[in-house]
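FYI, side chains are in, hydrogens and waters are out, and symmetry mates aren't considered; it's all heavy atoms of this structure. Counting from 1, the numbers follow the sequence of the chain as shown. On a predicted model such as this, the values are computed, not experimentally measured, just so you know. Whatever order the structure lists them in is the order used to number ligands and atoms, beginning at 1.
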Amino acid sequence: MSNAISLALLGYGKMGKAIAALAPQRGCEVRLVMDIDVNAQGQGITPANFAGVDVCIDFTTPDAAVENIRRVAGLGVNLVVGTTGWHGQLDEVRKIVESAGVGMVHAPNFSIGVNLFYRLTRAAAEIFAPFAMYEPYVVEAHHKFKVDAPSGTALEIKRRIQPAFGNREVPVASVRAGYIPGTHELGFDSEADTIVLRHTARGRQGFAEGALHAACWVIGRKGLFTFAEVLELPR
Ligand SMILES: NC(=O)c1ccc[n+]([C@@H]2O[C@H](COP(=O)([O-])OP(=O)(O)OC[C@H]3O[C@@H](n4cnc5c(N)ncnc54)[C@H](OP(=O)(O)O)[C@@H]3O)[C@@H](O)[C@H]2O)c1
């Protein structure tokens, strides 16, 4: 008998494969993998398929994620959701998670570095905001296959810095080109100079690392959490 955490992976694209590759080194066993061929409209999420699964990790598509969450929560299985582009339905997802009594961690970005970067962006906004000559802006760049724009990460940076600037509109620009794994910049520009804070992902391993960290953390918890909360509430 192994003590490994037993995982179901929904979505076996770039992220699903990166998580499957790293899981054994992090004490996790991938018990079930379902891509769209066996899980269109969530039909593969059944009690039989999920028997013995501790945590389900979803990296699918914006239109698939909420139905997947509904069905997995209905089975009483905790979740880690990295899929982006569904956050307009966050209130609905909160109700699903709370009424099912499961635990779920979600984030537009599971990189530990990005989540520490969020804290820097807020601190920087507080430093610059009293000086009216500086205007904040956000720029993000990703590979041409990414469906949603702006990225959830760029929107999160904007959400975190806006209160310091009296909730004024902060411009966000997106680039979709080539194979860029993910770059986010927060700049403060004045007539005299520009200050830029930048996070550059080197690949997908950082996201996979964070998603597996969240999977271990969410075991035995109930409620909806962001990955930033996971990093602020050590086990
Ligand atoms: N939070 C983070 O840290 C983070 C990091 C990277 C990416 N992401 C997000 O995670 C998602 C996946 O990214 P990716 O780069 O892995 O994309 P990807 O390579 O396109 O993989 C997504 C996979 O999910 C499959 N799929 C679609 N509907 C499904 C369903 N109902 N059940 C099971 N599988 C389904 C897709 O199949 P088909 O291709 O056949 O449709 C595809 O194989 C995107 O929303 C992306 O923005 C988040």
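No side-chain donor from either of His87 and Gln89 sits under 3.5 Å from a side-chain acceptor of the other.
Of all non-hydrogen atoms in Gly220 and Asn78, the two that sit nearest each other are N-ND2, 3.9 Å. In this structure, Ala4 and Glu29 approach most closely via the heavy-atom pair CB-CB, 3.9 Å. Considering every non-hydrogen atom in both Gly52 and Ser6, the closest pair reads O-OG, 3.1 Å.
Every atom of ligand 1 is numbered from 1 in the order shown, and the set under 4.0 Å from a heavy atom of Gly11 is 24 (O), 33 (C), 34 (N). Remark: ligand 1 atoms within the under-4.0 Å shell around heavy atoms of Lys146 are 47 (O). With ligand atoms numbered from 1 in the order given, ligand 1 contributes 1 (N), 2 (C), 3 (O) to contacts under 4.0 Å with heavy atoms of Asn109. Ligand 1 places these atoms under 4.0 Å from at least one heavy atom of Thr61: 27 (C), 28 (N).
Of the protein's non-hydrogen atoms, the one nearest atom 21 (O) of ligand 1 is Gly13 CA, 3.2 Å. For atom 26 (N) of ligand 1, the nearest non-hydrogen atom of the protein is Ile36 CB, 3.8 Å. The nearest protein atom to atom 2 (C) of ligand 1, hydrogens excluded, is given as Pro108 O, 3.5 Å; this is a heavy-atom distance. In terms of protein heavy-atom proximity, atom 18 (P) of ligand 1 is closest to Lys14 NZ, 3.7 Å. In terms of protein heavy-atom proximity, atom 30 (C) of ligand 1 is nearest to Asn39 O, 3.6 Å. The protein non-hydrogen atom at the shortest distance from atom 42 (C) of ligand 1 is Asp35 OD1, 3.6 Å. The single protein non-hydrogen atom nearest to atom 13 (O) of ligand 1 is Met15 CG, 4.2 Å, given as residue, atom name and distance. Protein heavy atom in closest approach to atom 11 (C) of ligand 1: Thr60 O, 3.3 Å.
Relative orientation of the His213 and Phe227 rings is perpendicular, given thresholds of 30° and 60° on the angle between their planes.
Inter-residue side-chain proximity for Val114 and Thr153 is flagged as met; some heavy-atom pair is nearer than 4.5 Å. The side-chain heavy atoms of Ser174 and Lys146, taken from C-beta on, include no pair separated by under 4.5 Å.
Summarising the contacts of atom 4 (C) of ligand 1 with Phe227, Trp86, Phe59, Phe110, the nearest heavy atom is found in Phe59. Relative to atom 8 (N) of ligand 1, the option among Ala208, Gly82, Ala201, Gly152 with the closest non-hydrogen atom is Gly82. With Thr84, Leu10, Val81 as candidates, the residue nearest to atom 47 (O) of ligand 1 on a non-hydrogen basis is Thr84.
Taking only nitrogen or oxygen atoms, main chain and side chain alike, Ala107 reaches within less than 3.5 Å of ligand 1.
Comment: Arg176 engages Glu140 in a salt bridge, judged by a side-chain N to carboxylate O separation of less than 4.0 angstrom. For the pair Lys95 and Glu92, the salt-bridge criterion is not met [side-chain N within less than 4.0 Å of a carboxylate O].
Residue Val196 belongs to a hydrophobic cluster whose other members are Tyr137, Val139, with links defined by side-chain heavy atoms closer than 4.5 Å.
No side-chain donor-acceptor contact under 3.5 Å links Arg26 to the backbone of Ile19.
Only backbone heavy atoms of Met34 (N, CA, C or O) come within less than 4.0 Å of ligand 1; its side chain stays farther off.
Within 4.0 Å of atom 39 (O) of ligand 1, not a single protein heavy atom is present.
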